[in-house]
Amino acid sequence: MTISILAYDEKTGRYGGAATTGSLCVGGWVLRGDAESGMSASQGSLPSTMWGTETLALMKSGLSARDAVERVTGADSGRGQRQLATLDPTGGTASFTGADSIQAAGARSADKVIVTGNLLSSEDVLQAMLDGFLAAEGAFDLRLLAALDAAAAAGGDSRGLLSAALLIVGRDMAPLTLRVDHSATPLADLRALHQRATSGDYADWAVMVPTLDDPERATPYGAKTDQPV
């Protein structure tokens, strides 16, 4: 099972995605994002990472989410095994679920947010994830984490979950890319990692690196930073 969510936050102007699965390394396989392109989630029984990167390039060139999905999926003879969701820079969404996707599989969407999943315990998981995001309060990234929790609580995957990921991109920030690639408790571990990455010395350092809005930003001489990457 892979279930993912992509969303645009009008309050901050940022794009975000979160995903979890009963297999390894969901973040590396599924989520792609760029503050000038939007977000994509490419998944399925035989996912194509090329779908994810190609849709970002097409949306950056001006294609809508829907047109990008049609362009990428229509040219792939193996599309029956794959699933794709996209979120374009205007907040438009689109998805594709291949005919051979392992059931339950499908997508749900609302304004500027889309959820997709396959090998789900039931289609109720999709709605639960969407509702969990829409009902959550607080920061954008925390709402995405709440959506993952809601999906798991609704049944998720009978195999259990092994990995989870969160990706936030924006013109005013360095990308927040968090991945738990293998764990018996990936959602709890992702929350713990998020807490570490958004507080303390690491968070203080992260606001000093270049961004799209300030590409020449540099740490002032003598400023405290002991978290180089």
Side-chain angles (χ1 to χ4, degrees), residues 2-21 25-43 49 52-53 55-57 59-60 65 85-93 109-116 129-130 132-152 163-181 186-215 217 227 229:
T2 300
I3 187 162
S4 61
I5 181 169
L6 307 176
Y8 174 68
D9 183 42
E10 290 184 292
K11 184 176 181 179
T12 61
R14 296 173 179 177
Y15 306 88
T20 186
T21 188
C25 307
V26 68
W29 278 103
V30 173
L31 297 175
R32 299 289 185 273
D34 181 271
E36 296 182 315
S37 306
M39 302 283 294
S40 66
S42 179
Q43 54 202 48
T49 57
T53 54
T55 53
L56 289 186
M59 293 189 296
K60 187 174 183 178
T86 54
L87 172 73
D88 65 34
T90 70
T93 61
S109 63
D111 186 34
K112 298 179 177 59
V113 56
I114 188 165
V115 168
T116 50
M129 189 180 208
L130 182 60
F133 174 78
L134 295 174
E137 298 180 351
F140 182 43
D141 41 0
L142 294 176
R143 295 172 64 205
L144 290 167
L145 293 177
L148 291 180
D149 291 337
S163 63
L166 176 72
L167 174 62
I168 309 289
V169 296
R171 294 193 58 87
D172 64 339
M173 62 174 288
L176 179 65
T177 306
L178 305 180
R179 302 179 184 180
V180 175
D181 285 341
L187 300 188
D189 290 352
L190 184 62
R191 278 191 174 274
L193 179 59
H194 174 268
Q195 175 62 27
R196 286 181 175 271
T198 57
S199 61
D201 289 340
Y202 184 88
D204 292 341
W205 166 81
V207 299
M208 293 188 280
V209 301
T211 66
L212 285 173
D213 282 345
D214 192 358
R217 179 185 292 172
Q227 298 288 332
V229 172

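Computed over heavy atoms, backbone and side chain alike; hydrogens, waters and symmetry mates excluded. Note that the coordinates shown come from a computational prediction; the quantities given were computed from them, not determined experimentally.
Considering all non-hydrogen atoms of both residues, S37 and P89 come closest at O-CD, 3.2 Å. Here the closest non-hydrogen pair linking R217 and V209 is CD-O, 3.1 Å. Residues G132 and A146 share a closest heavy-atom pair of O-CB, 4.4 Å. Heavy atoms only, all atoms of each residue included: G27 and A165 are closest at CA-CB, 3.4 Å. Residues G17 and L6 come closest through the heavy atom pair CA-CD2, 4.1 Å. Taking all atoms of both residues into account, the shortest heavy-atom contact from S4 to V30 is CB-CG1, 4.3 Å.
Evaluation of the side chain to side chain donor-acceptor pair (under 3.5 Å) rule for T177 yields no partner, not counting sequence neighbours. Residues meeting the side-chain contact (heavy atoms from CB on, under 4.5 Å) test with A197, sequence neighbours left out: L176, L178, Y202. In this structure, the salt bridge (Lys or Arg N to Asp or Glu O under 4.0 Å) partners of D213, at least two apart in sequence or on a different chain, are R171. Every residue two or more places apart in sequence or in another chain was checked for a side chain to side chain donor-acceptor pair (under 3.5 Å) with S40, and none qualifies. Judged as a side-chain contact (heavy atoms from CB on, under 4.5 Å), and not counting sequence neighbours, the contacts of A151 are I3, V125, M129. Qualifying side-chain contact (heavy atoms from CB on, under 4.5 Å) partners for A206, counting only residues two or more places apart in sequence or in other chains: none. For F133, there are no ring-ring contact (aromatic ring centres under 6.0 Å, His included) partners two or more places apart in sequence or in a different chain. Taking the side-chain contact (heavy atoms from CB on, under 4.5 Å) definition, one finds that A110 meets it with V113, L130, L134, sequence neighbours left out. With sequence neighbours left out, the side chain to side chain donor-acceptor pair (under 3.5 Å) criterion links D189 to S183, T185. Scanning for salt bridge (Lys or Arg N to Asp or Glu O under 4.0 Å) contacts around R179 gives an empty result, with sequence neighbours left out.
Contact annotation: the side chain of V169 approaches that of M39 to within less than 4.5 Å [non-hydrogen atoms, C-beta and beyond].
The stretch residues 3-19 participates, sequence neighbours left out, in these salt bridge (Lys or Arg N to Asp or Glu O under 4.0 Å) pairs: E10-K112, R14-D172. Under the salt bridge (Lys or Arg N to Asp or Glu O under 4.0 Å) criterion, no residue pair touches residues 139-148, with sequence neighbours excluded.
To the nearest 0.5 angstrom, L212 atom CG is 11.0 Å from M173 atom CE. The distance from atom CH2 of W29 to atom OG1 of T2, rounded to the nearest 0.5 Å, is 11.0 Å. To the nearest 0.5 Å, atom CG of residue L142 and atom OG1 of residue T198 are 7.5 Å apart. Annotation: the span from T49 atom OG1 to L31 atom CG amounts to 12.5 Å, rounded to 0.5 Å. Distance check: L166 CG to I5 CD1 gives 10.5 Å after rounding to the nearest 0.5 Å. Taking CD1 from I114 and CG from L87, the interatomic distance works out to 8.5 Å, rounded to the nearest 0.5 Å.
Judged purely by atom type and a 3.5 angstrom limit, T20 uses its side chain to pair as donor or acceptor with the backbone of S163. In this structure a side-chain-to-backbone donor-acceptor pair under 3.5 Å is missing from Y8 to T90.
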- Query: Could you walk me through whether Q43 and T21 pass the side-chain contact (heavy atoms from CB on, under 4.5 Å) check?
  - Reply: CA-CA 10 Å; Q43 54 202 48; T21 188; over 6 Å; no
- Taking it one step at a time, do T55 and R32 satisfy side-chain contact (heavy atoms from CB on, under 4.5 Å)? CA-CA 9 Å; T55 53; R32 299 289 185 273; over 6 Å; no
